Amino acid sequence: MTKVRTRFAPSPTGFLHLGGLRAALYGYLFAKKMNGDFILRIEDTDQERFVEGATEVIYDTLRDCGMNWDEGPDVGGDYGPYIQSQRKDTYLPYAQQLVESGHAYYCFCTKEELDERRAAAEARGEVFKYDKHCMHLTKEEVQAKLDAGVPYVIRQNAPTEGETSYHDEVFGDMTFPNDVLDDMILIKQDGMPTYNFANVIDDHLMGITHVMRGMEYLSSTPKYNLLYNAFGWDIPTYIHMPPVMRDATHKLSKRDGDAYYSDFVNKGYLPEAIINYLALVGWNPGNDREFFTLEELVEAFDVGRINKSPGIFDVEKLTWFNWEYIRKMDFEKYLAMVTPWFDKVLAGKGIDYRRLAQLMQERTEVFNRVPDMVKFLGELPEYDIDLYTHKKMKTNPEVAKAALEMVKPVIEGIDNWTEETIHDVLMAAIAQAGLKNGAVLWPLRIAISGQASTPGGAIEIAWLLGKEETLRRLDAGLAKLA
RNA sequence: GGCUCCUUGGUCAAGCGGUUAAGACACCGCCCUUUCACGGCGGCUACAGGGGUUCGAAUCCCCUAGGAGUCACCA
C-alpha cells in the first residue's frame with residue numbers, strides 16, 4: 001500500500017484565517033493518522049494578490065499549533081520546489097502536451113473581448129461560456145499568431161455532452177453533467193498556470209494520494225479529473241470539507257476582520273484551545289469526548305466522521321475551551337503569560353502578581369479580559385453607593401457605614417499583615433459584634449474595590465492592597481457614606 | 001438562472017427503521033458561599049414542510065421551501 005500524502009496548499013494572500021487553519025488541521029490529522037506525510041505547498045501563481053510576509057505567517061501559525069510538515073519550501077523534500085512560482089517552467093510543457101493530444105488549445109481572445117461578451121451574455125440573462133472559438137483555428141493560423149508574438153492562453157478542451165462522476169470520501173458519489181463545464185484556462189497570458197491547472201500537475205508530481213480541500217471545489221473536480229485522464233494519471237482520493245461559517249449565511253472570511261488565527265492569539269486565546277475547538281467544527285469523534293491534544297486528535301481522527309453540512313464558528317464555545325485550558329495550565333506558565341496583561345494596568349503599583357495570579361487563574365477565560373478585572377487594584381474606581389446595598393447580605397448604605405466604622409480600628413490594629421491574620425482578626429471582630437459575615441465583608445469589599453465583582457473576597461483583596469491602601473480606601477468609603 | 005451540496009434545540013452535535021431523540025456551549029432557576037465565580041442539582045428549547053414505502057420513520061424514496069457553493073487569465 002502506498003504511503004498517504006496530503007497537502008495544505010494556501011495562497012500567501014494575507015494572514016491565515018481559521019477556515020484555512022482547519023483545512024490544514026484535517027489534512028495534517030489524516031496524514032498522521034495514516035502514518036503518512038503532510039506537505040506544505042505555497043500557491044502563489046496569482047502575483048497580483050501576493051502579500052509580502054504572508055508565507056512566513058503561514059509557517060509560524062502552523063508551527064505554533066504544532067503541525068509540522070514533512071516537506072515544504074523551508075524544509076525541502078524530494079518533490080520540490082514547493083512554491084508554485086518557482087515551478088513556473090514545469091507547467092507549460094504539460095499544457096503543450098495536452099494541446100498535442102487535443103485536450104487543450106491555444107486561445108488568442110483578449111481578456112477585454114471576453115469581458116465584453118460575458119457582460120453581454122449577462123445582460124441577456126444568460127450564463128457566459130467560452131464558445132471554443134479559437135479551438136477551430138487551423139494549425140497554421142495558430143502557429144502564425146504564435147510566431148507573431150500574439151499573447152495567448154491555453155484552454156482545456158472540455159466535453160460538451162455526457163457526464164462525469166467521481167467519488168468523494170465525505171460527500172459520496174458525485175455526478176455532474178459535462179455541458180456546464182467551461183473550457184477553463186490552464187496557462188495564463190503571463191505564462192503562469194492557473195490554480196486549476198497547477199494544482200492538478202503538482203498534486204500528481206508530488207504524489208499526493210488524498211486531495212483534501214474545501215467543498216467549493218466539488219463542482220470543478222470533474223474538470224480536474226478530465227485532466228488526470230488526459231494525462232493517463234491516477235485520480236487521487238477526494239476528501240472535500242464543509243466550510244466554517246460566521247453565521248448561517250456567511251462563511252468565516254477575511255472580511256470579518258475577526259477570523260484570523262493571529263486575532264485570536266493576540267486576544268489571549270491559546271493555540272491548543274483553538275485547535276481543539278476547530279477540530280470539532282465539522283468533525284466529531286463519535287462519542288462525548290471534547291478535549292484533545294493534537295496527538296490525541298491524530299489518534300481519534302476519522303475522515304468518515306467529517307460532516308457534510310457547514311458549521312458555524314461559535315466564539316462562546318471557543319472561549320469555554322480556552323478557559324478550561326487556562327485552568328489546567330501549569331501555574332508558573334500561567335503566571336508568565338498573565339504578567340504582561342497585569343502590567344497593562346498594574347505596572348509599578350506594587351501588587352503581588354503571584355498571589356493575584358493564583359486568584360485569577362481559574363477566572364481567566366481569555367487573557368485580554370484580565371486587565372479590566374484587576375484594574376481596580378491599581379486605582380479605586382468611581383462607584384455608586386448603591387453597591388453597598390445587597391439584599392442577600394442584608395446590607396444598605398447605613399448598615400455598611402456602621403460596618404466600616406466597626407472594622408476600621410480593627411484593621412488599624414493588625415500588625416502582621418497576612419491573609420491568615422486579617423481573616424482571623426476580622427472574623428473574631430465580626431463574631432464579637434454579633435454580626436453576619438456578609439453584612440461586614442460585603443461593605444468592606446465594596447469599599448476597597450469599588451466594584452460588585454472581584455477576583456477574590458475582601459480578605460484577599462485587602463492583603464493585595466496592603467494595610468495602608470486598604471485603610472485609605474476604607475476612609476474614602478466612609479466619606480462617601482457620610 | 002443552470003448545475004451541485006446541505007437542513008436534528010440559539011450554536012456544535014449523537015443518531016444510520018423500533019431510543020423517554022444523547023452530550024457539550026449558551027441561557028434560566030435552586031443549593032453552597034465573605035462578592036463574582038467554581039462546584040452540585042434541576043430546567044428550557046430540535047428532527048424545515050408535505051407526500052409516500054413500512055407493522056413502525058429523524059433515519060429509505062419523491063416533491064416543496066430555505067440556505068450554501070459554483071459557473072474568473074482568484075485560489
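Hydrogens, waters and symmetry mates are skipped; everything else that's a heavy atom, side chains included, is used. Below, chain A is the first sequence line, B the second, and so on; all start at residue 1. Remember, it's a predicted structure, so these values are computed and weren't measured experimentally.
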So, are [X] and [Y] salt-bridged, with charged N and O less than 4.0 Å apart?
X: Arg117(A); Y: Asp131(A); result: yes
X: Asp302(A); Y: Arg305(A); result: no
X: Arg118(A); Y: Glu122(A); result: no
X: Asp179(A); Y: Lys129(A); result: no
X: Lys328(A); Y: Glu272(A); result: no

May I have the list of side-chain donor-acceptor pairs in residues 104-115 of chain A shorter than 3.5 Å, sequence neighbours left out?
{"residue": "Tyr105(A)", "atom": "OH", "partner": "Asp183(A)", "partner atom": "OD2", "Å": "2.6"}
{"residue": "Thr110(A)", "atom": "OG1", "partner": "Glu113(A)", "partner atom": "N", "Å": "3.1"}
{"residue": "Glu113(A)", "atom": "OE1", "partner": "Thr110(A)", "partner atom": "N", "Å": "3.4"}

U34(B) and C38(B), which share atom name C1', separated by this distance in whole Å: 15 Å
C1'-based separation of U7(B) from C63(B) [nearest Å]: 16 Å
Below 3.5 Å between N/O atoms, which protein atoms pair up with nucleotides 42-47 of chain B? Just atom names and distances, please.
none

Bracket string, RNA chain B, 5' to 3' - pairs by Watson-Crick or G-U geometry under 3.5 Å, | interstrand: ((((((((.[[[..)..(....]]].(((((.......)))))....[[[[[..)....]]]]])))))))....
Under 3.5 Å donor-acceptor pair, Ser309(A) side-chain atoms to U7(B) base atoms: no
base_contact_polar (C38(B) base, Arg327(A) side chain, donor-acceptor, <3.5 Å): no
Touch class at under 4.0 angstrom, heavy-atom based, for Gln189(A) against every strand present: base
Touch class at under 4.0 angstrom, heavy-atom based, for Asn284(A) against every strand present: sugar-phosphate
5′-ward residue of the pair Asp314(A)/Phe171(A) relative to RNA chain B: Phe171(A)
Qualifying ring pair (Phe, Tyr, Trp, His ring centres under 6.0 Å) pairs with a residue from residues 153-174 of chain A, counting only residues at least two apart or across chains: Tyr166(A)-Tyr238(A)
Acceptor/donor pairs from residues 379-386 of chain A side chains to any protein atom, 3.5 angstrom cut, sequence neighbours excluded:
{"residue": "Tyr383(A)", "atom": "OH", "partner": "Tyr388(A)", "partner atom": "OH", "Å": "2.8"}
{"residue": "Asp384(A)", "atom": "OD1", "partner": "Asp386(A)", "partner atom": "N", "Å": "2.9"}

Restricting both atoms to N or O, compile the protein contacts to nucleotides 70-72 of chain B shorter than 3.5 Å, with distance only.
{"residue": "U70(B)", "atom": "O2'", "partner": "Ser219(A)", "partner atom": "OG", "Å": "3.4"}
{"residue": "A72(B)", "atom": "OP2", "partner": "Arg118(A)", "partner atom": "NH1", "Å": "3.1"}

Donor-acceptor under 3.5 Å (Arg155(A) side chain, Asn157(A) main chain): no
Aromatic Tyr130(A) / basic Lys132(A) pairing, under 6.0 angstrom, 45° off normal: no
